Amino acid sequence: MANDNKKMVEAITPIDQDFAQWYTDICLKAELVDYSSVKGFTILRPYGQAIWENITRILDGMFKATGHENVAMPLLIPESLLQKEKDHVSGFAPEVAWVTRGGSEELEEPMCIRPTSETLFCDHFSQILHTWRQLPLLYNQWCSVVRWEKSTRPFLRTREFWWQEGHTIHETAEEAIAETRQQLDTYAELCEDHLLMPLLKGQKTESEKFAGAQATYAIEAMMHDGKALQAGTSHYFGDGFSRAFDVTFAGRDNTLQYPFETSWGVSTRLIGGIIMTHGDNEGLILPPAVAPFQVVIIPVAQHKEGVLDKAYELKERLSKFVRVKLDDSDNSPGWKFSEWEMRGVPLRLEIGPKDIENDQCVLVRRDTREKSFVPLADLETAIPSLLDALAAALYEKAAQNLANRTWSYATMDEIVAKANSENGYIRAMWCGEEACEDTMKEQAGLSSRCIPFEQETLAATCPVCGQPAKHMVVWGKAY
RNA sequence: CGGGGCGUAGCGCAGGUGGUAGCGCGCUUGCUUUGGGAGCAAGAUGCCGCAGGUUCGAGUCCUGUCGCCCCGACCA
């Protein structure tokens, strides 16, 4: 009956009933985002922004630790600049937004709002690069970009999204490739260790790789519903962009050379990944590393003498080692329990008159709702250990979902049958031909997620065409 | 770009055949409550998306238009 009340007040659509609606409900009701008056442009509300800031803080630290520097590039790209690299422009042209007027005057040259900033960085590199002694240049920027998507969903696909884009140039191809792989590993560390999302790491096929790249590496995460989410990409460009933008330097042998380039990015889409990896019917469950509040203190019978005082005292004490929120609003304790569960706070601390009498409090885990009565003196050890246990359980549960939804097949019949009945990763061999990817899309509705770094030989031939197989590919449905 | 849904109070919605605006939640105030989304009472809140048209009269009918959401095809 508590459940009935709950559904009346602040209903979140059950996850099994309508996954898409469940997702949207959480985005809105946990107050992560709101829609703006322009389609596809969402507002990151304080709670959502706080999660993003925690992600950026962790990642930015990792970037700096590996020698990267932050810069800020312009918002607008002149049309002529965008067009310099032909694969790049044909990939992005369909989804760029244009500025054609300044004040009341038509611009001589239209400018697009950056969909990504390779062209801006290259143009800049061509200005500042002179000698091999300057290399590598390891740049990153935190910004938003605009891509005029046709269908949009909060976090997963919005017309404007916030991200970081790293752009580096190197003296040799080997160094650039190493950078590309290193940054992919950085993303993997962020996702697995902090966001608690188990991953598949690999290389994108020709047809799925970034416009203008020689190779695209990606991390793919699996959502509750068995669909894949491309959570981050890292691209190796060779010297294609350098040549297109005439980025040159005097080499060690005093010849003019083109540097080798990389770019890599993750976006606010990660927040969508967190929701769909860890959330449940009560709402969000946040990994402690990025939760705006790791502990919420809920005073019980807060009007009674001493309760609020004790709560404030605890807040003060806990704030020395966790991010803590004290909800001293007028709402009933029950309301607060539900509210903060919906918002995914990993641990709840209840403190009421009975607890104060016994010099204890109640700690409740968000994921299991498991209650423990803890002496107030032990909080400094009990809270971190509960947070760790919760983090381990979240990762374990997600890893279990990934394992349960990964299958290997050798024939098209098996693949089609599975694809029609369940979402997940289907591992199968592939001949390397794009035509077989197209066929896979048509017959099974699957796209190639990546060619995993960890290869296995499941069969000798491609299940689509029967030709000799070159790689094992993971197929799936993606967001 | 196709298919579907929808614009009425802050939010969610109701307003058969035209007659001058309603419900729930939330909000405000007061009292009682407080260990799983509290109760009672009294309030406040409207360019009915926008523009034309039909009509004595339009939330309602007609035409146009703008926008949003969801599902597909395309993309982080």
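Lettering of chains follows the sequences in order, A, B, ..., and the numbering in each one begins at 1. This one's a predicted model, so the numbers in the text were calculated from it and none came from an experiment.
Across all strands shown, B/G59 remains unpaired; no Watson-Crick or G-U wobble contact has both distances below 3.5 Å. The partner of B/G64 is B/C50, by the rule that a Watson-Crick or G-U pair needs both atom distances under 3.5 Å. When both distances must be under 3.5 Å, the Watson-Crick or G-U wobble mate of B/A44 does not exist. Shown here, B/G37 forms no base pair; nothing in the strands shown gives a Watson-Crick or G-U wobble contact with both key distances under 3.5 Å. When both distances must be under 3.5 Å, the Watson-Crick or G-U wobble mate of B/C1 is B/G72. Across every strand in view, B/C25 sits in a pair with B/G10 that passes the Watson-Crick or G-U test at under 3.5 angstrom.
In the set B/A38, B/C70, B/G72, B/A38 carries the atom at the smallest distance from any side-chain atom of A/W335. Closest to the A/Y35 side chain, of the nucleotides B/C69, B/U34, B/G36, is B/C69. Of the candidates B/G35, B/C75, B/A73, B/G35 carries the atom nearest the A/K354 side chain, counting heavy atoms from C-beta on. Distances were taken from every side-chain heavy atom of A/E341 (C-beta onward) to each of B/G36, B/C70, B/C75; the shortest belongs to B/G36. Between B/C75, B/C70, B/G36, one nucleotide has an atom nearer to the side chain of A/F337 than all others, and that is B/G36. When distances are taken from the side chain of A/A20 to each of B/C74, B/G37, B/C70, the shortest belongs to B/C70. Comparing atom distances between the A/R153 side chain and each of B/C70, B/G37, B/G36 picks out B/C70 as nearest.
In this structure, A/K336 and A/A301 both approach RNA chain B, and ranking their closest nucleotides by distance from the 5' end singles out A/A301. Two residues, A/A478 and A/Q21, neighbour RNA chain B, and the one matched to the more 5' nucleotide by heavy-atom proximity is A/Q21.
If you check every strand for non-hydrogen atoms under 4.0 Å, A/V362 touches a base. Within 4.0 Å (heavy atoms only), A/K304 reaches no atom of the nucleic acid at all. Within the nucleic acid shown, A/E350 comes within 4.0 Å of at least one base atom, counting heavy atoms only. A/P94 comes within 4.0 angstrom of nothing in the nucleic acid, heavy atoms only. Using a 4.0 Å heavy-atom distance criterion, A/G265 is classed as making no nucleic acid contact. If you check every strand for non-hydrogen atoms under 4.0 Å, A/T116 touches nothing.
Residues A/E165 and A/S117 bring a donor and an acceptor atom of their side chains to less than 3.5 Å of each other. Between the side chains of A/S447 and A/R449, a donor-acceptor pair is found at a separation under 3.5 Å.
We find that NZ of A/K477 is positioned 15 Å from C1' of B/A73, with the value rounded to whole Å. In this entry the distance linking CD1 of A/I356 with P of B/U34 reads 16 Å, nearest Å. As rounded to whole Å, 18 Å separates atom P of B/G2 from atom CD of A/E149. Rounded to whole Å, atom P of B/C75 lies 19 Å from atom CH2 of A/W148. Taking atom CG on A/D34 and atom C1' on B/G12, their separation rounds to 14 Å, with Å as the unit. Summarising the geometry, the separation between CD on A/E31 and P on B/C11 is reported as 13 Å, rounded to the nearest angstrom. For the pair A/F373 CZ and B/G35 P, the computed distance is 14 Å after rounding to whole Å.
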Listed pairs under 3.5 Å, donor-acceptor, residues 231-238 of chain A side chains, sequence neighbours left out:
{"residue": "A/T233", "atom": "OG1", "partner": "A/H235", "partner atom": "NE2", "Å": "3.4"}
{"residue": "A/S234", "atom": "OG", "partner": "A/T180", "partner atom": "O", "Å": "2.7"}
{"residue": "A/H235", "atom": "ND1", "partner": "A/T216", "partner atom": "OG1", "Å": "2.9"}

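Salt-bridge formation is not detected for the pair A/E437/A/K441: no Lys NZ or Arg NE/NH1/NH2 atom is positioned less than 4.0 Å from an Asp or Glu carboxylate oxygen. Salt-bridge annotation for A/E118 and A/K84: absent, with no side-chain N of the basic residue lying under 4.0 Å from a carboxylate O of the acidic one.
The aromatic ring centroids of A/Y217 and A/F453 lie less than 6.0 Å from each other. In this structure, A/F63 has its ring center under 6.0 Å from that of A/W264. Under the 6.0 Å cut-off for aromatic ring centres, A/W148 and A/F41 qualify, their centroids lying closer than that.
To the nearest whole angstrom, the two P atoms, one in B/G30 and one in B/C70, are 41 Å apart.
Put simply, A/S338 has no side-chain N or O that comes within less than 4.0 Å of OP1 or OP2 on B/G37.
For B/G37, the base has no donor-acceptor partner in the side chain of A/N331 [N/O atoms by modelled type, under 3.5 angstrom].
For A/R348, the side chain to side chain contact (heavy atoms under 4.5 Å, CB included) partners at least two apart in sequence or on another chain are A/V296, A/I298, A/F337, A/E341, A/E350, A/V364.
Summarising the geometry, atom CD1 belonging to A/I426 is positioned 7.5 Å from atom CE belonging to A/M440; distances are rounded to the nearest 0.5 Å.
The stretch residues 156-164 of chain A comes close to RNA chain B through A/L156, A/R157, A/T158, A/F161, each having a heavy atom under 4.0 Å from the strand.
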